[in-house]
Amino acid sequence: MINQRFNLEDYTLPIIISQEGRDIATQFALRHPKGSKREQVYLNTLAVWSVNCYLEWMQIATELEASDSWNPIIQLCANVADLQVKGVGRLECRPVREKQQMVSIPPEVTIDRIGYVVVRIFDHLKTAEILGFVKTITQEMLPLGQLQPIEGLLVDLQLPQPAEFLIPVRLSLWLRDEWEGLWQSIYRQPAFGLRSSSRSDEDFVQGAKLIDLKMQLGSQSVVLWVALTPETEGRIAVRVRLYPAPQDRYLPPNVELILLSETGDILSEVQSRLQDNYIQLPRFRGTPQEQFSITVRLRDASITERFIF
């Protein structure tokens with residue numbers, strides 16, 4: 001992959017560090033002498049925990065307890081923050097603090113790694129941001145500007161990607177500005193270029209996610225956009241669009257956007273034509289706890305996202 005500089009703020013992936021994650025980091029840190037080693041182990045653990053959360057969202061199997069970073073003896077002897085990806089290898093997860101512009105890569109982690117992910121740990125230690133990754137390391141201090149967007153990690157490492165996300169996205173959380181997994185408010189993902197979709201869209205809660213459709217002859221990225229409008233009696237009106245990836249002007253022709261009921265029946269569908277800059281399903285409504293799915297399909301590739309009101 002060619003190293004190209006990008007704006008970190010446009011591509012970061014926010015992660016909420018759970019109480020369980022912080023408790024494990026504290027438990028590991030307290031096993032070691034006071035001082036820099038404790039802080040090192042604590043931050044390394046939070047970084048690994050954050051990347052593990054991301055891979056779990058992507059339904060990529062990991063072996064957290066088999067990782068060297070989960071071994072107290074190796075923690076003491078080395079500065080490691082690896083995550084074992086099942087059947088693939090060790091992914092190094094390096095932490096940085098707020099305002100740091102470079103990440104240190106210890107000599108002991110420059111071999112036996114399938115890639116390096118950099119995680120910013122905020123000072124309050126309750127949230128993190130996955131900043132990006134590189135596949136190989138040639139220097140001890142890596143400028144953050146040399147990172148690649150995290151969305152390319154699965155493609156670059158040839159990791160399997162799920163055809164269907166089994167855990168439904170809870171839309172009620174979006175109304176409280178709470179976001180899970182790879183779904184984020186469009187205002188936190190300016191790289192998607194969707195802030196100015198239209199003036200009327202400003203009254204909607206808008207979320208978006210970058211989707212990579214893996215095909216036999218390559219891959220195609222698109223952006224799935226979902227907008228919500230609360231109505232009376234707990235109902236929520238929904239609009240769903242599909243946009244081209246930020247680097248593309250138009251959607252590929254013949255990409256399908258399909259609305260499915262909870263039982264899998266097709267409720268509506270639309271297909272892109274030549275030079276469509278987006279496609280949109282007819283507006284629909286739902287009530288609390290009602291579920292639906294959206295499928296994006298292009299030739300032999302498809303991804304399905306589940307939602308619950």
Side-chain angles (χ1 to χ4, degrees), residues 7-60 62 64-65 67-70 72 75 79-84 91-104 116-133 142 144 147 149-151 153 165 167-191 205-210:
N7 187 341
L8 283 176
E9 302 305 320
D10 289 350
Y11 288 88
T12 58
L13 176 63
I15 302 287
I16 297 174
I17 303 173
S18 66
Q19 185 63 54
E20 180 185 4
R22 297 197 301 274
D23 288 345
I24 291 174
T26 299
Q27 176 186 346
F28 284 169
L30 291 177
R31 292 174 176 173
H32 302 290
K34 293 182 179 180
S36 60
K37 174 54 72 171
R38 279 192 181 180
E39 181 181 10
Q40 177 191 101
V41 170
Y42 190 88
L43 294 176
N44 286 351
T45 304
L46 294 185
V48 173
W49 181 270
S50 299
V51 176
N52 189 65
C53 287
Y54 166 67
L55 293 182
E56 283 186 344
W57 290 331
M58 298 303 297
Q59 300 178 33
I60 302 299
T62 61
L64 195 57
E65 295 183 0
S67 306
D68 287 345
S69 59
W70 245 239
Q75 290 171 0
N79 182 2
V80 294
D82 68 314
L83 175 61
Q84 182 73 36
L91 188 63
E92 188 68 19
C93 315
R94 299 311 307 176
V96 293
R97 302 306 301 270
E98 291 186 49
K99 299 181 180 179
Q100 281 186 242
Q101 296 302 312
M102 303 187 77
V103 58
S104 174
Y116 299 80
V117 179
V118 180
V119 182
R120 175 183 289 145
I121 308 295
F122 286 93
D123 290 343
H124 52 64
L125 305 175
K126 294 183 179 180
T127 58
E129 286 181 335
I130 297 181
L131 300 180
F133 84 104
L142 177 69
L144 299 184
L147 298 173
I150 193 61
E151 285 83 0
L153 176 66
F165 291 86
I167 301 175
V169 178
R170 300 195 66 88
L171 297 176
S172 59
L173 296 179
W174 293 14
L175 302 177
R176 303 199 298 265
D177 198 27
E178 297 177 17
W179 303 85
E180 296 180 314
L182 302 182
W183 283 95
Q184 292 296 325
S185 166
I186 65 166
Y187 298 102
R188 297 175 187 169
Q189 294 285 3
V205 176
Q206 303 173 63
K209 177 181 178 180
L210 187 68

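Side chains included, hydrogens not; waters and symmetry mates left out as well; all remaining heavy atoms used. Residue numbers run from 1 in the order of the sequence given.
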Please list all pairs passing the ring pair (Phe, Tyr, Trp, His ring centres under 6.0 Å) test where one or both residues lie in residues 23-49, with sequence neighbours left out.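 Sorted pair list: Phe28-Trp70.
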Heavy-atom side-chain proximity of Thr45 to Thr26 below 4.5 angstrom: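 No, too far: nothing below the 4.5 Å cut-off.
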List the residues meeting ring pair (Phe, Tyr, Trp, His ring centres under 6.0 Å) with Trp174, not counting sequence neighbours, and say none if there are none.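 Applying ring pair (Phe, Tyr, Trp, His ring centres under 6.0 Å) to Trp174 gives Trp179, Trp183.
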Can you name the residues that form a salt bridge (charged side-chain N to carboxylate O under 4.0 Å, His left out) with Glu178, not counting sequence neighbours?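 Only Arg176 meet the salt bridge (charged side-chain N to carboxylate O under 4.0 Å, His left out) criterion with Glu178.
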Can you list everything that forms a salt bridge (charged side-chain N to carboxylate O under 4.0 Å, His left out) with Arg97? Sequence neighbours excluded, please.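 Counting only residues at least two positions away or on another chain, Arg97 forms a salt bridge (charged side-chain N to carboxylate O under 4.0 Å, His left out) with Glu39, Asp123.
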So, using side-chain hydrogen bond (donor to acceptor under 3.5 Å, both in side chains) as the criterion, who are the partners of [X] when residues are at least two apart?
X	result
Lys37	Gln40
Arg38	none
Ser67	none

Sequence neighbours excluded, every pair satisfying side-chain hydrogen bond (donor to acceptor under 3.5 Å, both in side chains) that has a member inside residues 13-25: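 Counting only pairs at least two positions apart or across chains, the side-chain hydrogen bond (donor to acceptor under 3.5 Å, both in side chains) contacts touching residues 13-25 are Gln19-Arg22, Gln19-Asp23.
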Where the side chain of Ser69 meets the backbone of Val80, is there a donor-acceptor pair that is under 3.5 Å apart?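 No; zero donor-acceptor contacts below 3.5 Å.
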Side chain to side chain contact (heavy atoms under 4.5 Å, CB included) evaluation trace for Val205 with Asp177: CA-CA 8 Å; Val205 176; Asp177 198 27; over 6 Å; no
Got a sec, which residues hit side chain to side chain contact (heavy atoms under 4.5 Å, CB included) with Thr127, two or more places apart in sequence or on another chain?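 Thr127: side chain to side chain contact (heavy atoms under 4.5 Å, CB included) contacts with Phe122, His124.
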Only counting residues at least two apart or in another chain, list the ones meeting side chain to side chain contact (heavy atoms under 4.5 Å, CB included) with Ala81.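 Checked Ala81 against side chain to side chain contact (heavy atoms under 4.5 Å, CB included); matches are Asn44, Val48, Glu92, Arg94.
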